[in-house]
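Take a look at the structure set out below.
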Amino acid sequence: MSPQMIDRLWQAGLDTLVMVGASAGIAVLAGLPLALFLVTSGPGGIFPAPRANRVVGMLVNGFRAVPFIVLLVALIPFTRLVTGTTIGVWAAIVPLSVSATPFFARIAEVSLRDVDAGLIEAAQSIGCRRRHILAHVLLPEALPGIIGGLTITIVSMIGASAMAGAVGAGGLGDVAIRYGYQRFDTTVMMAVIAILIALVCVVQFAGDTAVRRLRTR
Amino acid sequence: MAGLAFDGIREPGGWVATGAAEARPVSVVRAATGSRAAGTVRFETVGKTYLSAAGAVRALDAIDLAIPAGTIFGIIGRSGAGKSSLLRTVNRLEEPTSGRVLVDGEPIGALDTAGLVTLRRRIGMIFQHFNLLSAKTVRQNVALPLAVAGVPKAEIGPRVDEVLRLVGLEDKAEAYPSRLSGGQKQRVGIARALVSRPEILLCDEATSALDPETTLSILSLLRDINRRLGITIVLITHEMSVIREICSDVVVLEQGRIAETGPVWRVFGSPEHPATRALLEPLTRDLPEDLAARLQPNPVPGGATVLRITCSGEAPDLSALTAAAGAPVRLLQAGIDRIQGRAVGRMLVAVAGADPDAENRLRALGTDIERIGHVAADD
């Protein structure tokens, strides 16, 4: 590989990291409150609002139903509104976040729902208010599952970010398509695949380690 | 195990002392609970109806009950009898659909959120499955009620140490609950319930998930807490042995209604309701099989009459019994318990001969006697 190609791969790797990192950050910031809302606003929850719960639940399902490549295109007007452009790393972050948020919210929701109702009852019995229950019971008790869910989300976002390359977002997927596929450069293709595998392994390992630490205490 | 430390406090007169909790020094209670010497609960025609797919289910039906301060009050019933619902109306984890609950004379149904939070800080609760937060250490679990109440950190530390010492877990403060045994977990639960100096402690099947030995150590800890701090303890259980071990009064629930209520010795000694008898069944000795096989309905020449004597309060006077029988008396089987200082139980005796007058003389002594049958001489 030429030095330019190594440079290009390095830049693409950074782009992928920025895309995935920023979208994962947004997915957590938006997805976690969404998951808490879905769990606590249901009938019998601590913030009961069954109608809003149903509406939000359907919205989440709607976004989850649309394949990422379709969402990417369908969101172009919204992306332009937010970032002022439809190409490049920052433009890709918008659809990536929109896709990852409901995905992560549903996974986090499962972990939050798994928190034993007896713990919430115990917290109420010692005089916890609802915000205390969120801070001291639901979030810490579900944390291992939430971290595990975040790992899954990031890994699937690394995959999705490669598709974003198709609309000119840059990143490793873009390099693989343009050089590896269109110019038959097998070495580049292999290099990209190796980098992606390494990336996924690192993320998965970090996530598993964090979950194990939290679970074995 | 740490629990054994409390066994030293259990003296032979333990039953009496539990029943005589009203005699506790009031000054100590004041010191322990801050200001009030209180802890009464009153249920007034409390009802609870659930709506389920199968229609309305009546879990509680017009419950009227007063729990005096400082007692250990047992609520017993089969599963589904409504005992858990009843207990949860005391701190409003469950809202009654009719009637009202009064704590220290104050109706709690009308309390707003702030009032409810304050009420719950006066009422501790422990659970069958302990319900400890797995992400927090023992110390953090026990400190939580104070932390969410806004108590300054400098006060929380010493208070947590104090209650951990009380339950015998001072060396486990930094451990996570997953490292503890069931008995230790329940001790943490008790410490968490006591840390805000409540006047009432609700126990929801607190020993049902524990082995018999640990159950006894937890029960003696509860009795010790009741005596030392003067806290009213309301416990629900499906095991009569738990009631016998520590309660002074008991109410038997059956299908959401009160079947029977009274001092434990009386309910145990002369159970009136079939539900009570059913619950007592595991504690009652059946007629021994070999004896049952030889029993005959009619007198046997040269044989003996088998009588069942039931004690509910008075310890049987054996010499008076023998004198009244006017014939040799053999003790076949006996199980007499002492509950709150009273003799409760049954015994089987064989009185030689088949003299109906002997039975009448025994009845005249005020003994509760039932003729079971007759046996041949060699029994």
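Chain identifiers are assigned alphabetically (A, B, ...) following the order of the sequence lines, protein sequences preceding nucleic acid strands; residue numbering begins at 1 within each chain.
- A salt bridge is defined here as a Lys NZ or Arg NE, NH1 or NH2 lying under 4.0 Å from an Asp or Glu carboxylate O, and E109(A) with R106(A) meets this definition.
- When M125(B), Q128(B), R179(B) are compared by the number of non-hydrogen pairs under 4.5 Å with chain A, R179(B) comes out ahead.
- By number of non-hydrogen pairs under 4.5 angstrom with chain A, the leading residue of A114(B), A149(B), P145(B) is P145(B).
- Rounded to the nearest 0.5 Å, atoms OG (S23(A)) and CD1 (I154(A)) are 10.0 Å apart.
- A distance of 8.0 Å separates CD of E199(B) from OG1 of T40(B), quoted to the nearest 0.5 Å.
- The CD1 atom of I107(A) lies 4.0 Å from the OG1 atom of T153(A); values are rounded to the nearest 0.5 Å.
- Residue S196(B): no heavy atom, backbone or side chain, is found under 4.5 Å from chain A.
- If you take OG on S208(B) and NE2 on H129(B), they are separated by 8.5 Å, rounding to the nearest 0.5 Å.
- Heavy atoms only, all atoms of each residue included: E205(B) and T237(B) are closest at OE1-CA, 3.5 Å.
- In this structure, the separation between CG on L38(A) and CG on L112(A) is 9.5 Å, given to the nearest 0.5 Å.
- Of all residues spanning residues 131-145 of chain A, those with a heavy atom less than 4.5 Å away from chain B's heavy atoms are H132(A), H136(A), V137(A), P140(A), E141(A), arranged by number.
- In this structure, the separation between CG on L32(A) and CZ on F37(A) is 14.5 Å, given to the nearest 0.5 Å.
- Taking 4.5 Å as the limit, some side-chain heavy atom of F103(A) sits within range of a side-chain heavy atom of I152(A).
- Only one option out of I233(B), V103(B), V234(B) pairs with I67(B) in a side chain to side chain contact (heavy atoms under 4.5 Å, CB included); it is V234(B).
- Residues of residues 81-97 of chain B that come within less than 4.5 angstrom of chain A, heavy atom to heavy atom, are R88(B), N91(B), L93(B) in numerical order.
- For chain A, the nearby part of L132(B) is the backbone; its heavy atoms alone come within less than 4.5 Å.
- Proximity of a side-chain donor or acceptor of D116(A) to a complementary backbone N or O of G118(A) within less than 3.5 Å is detected.
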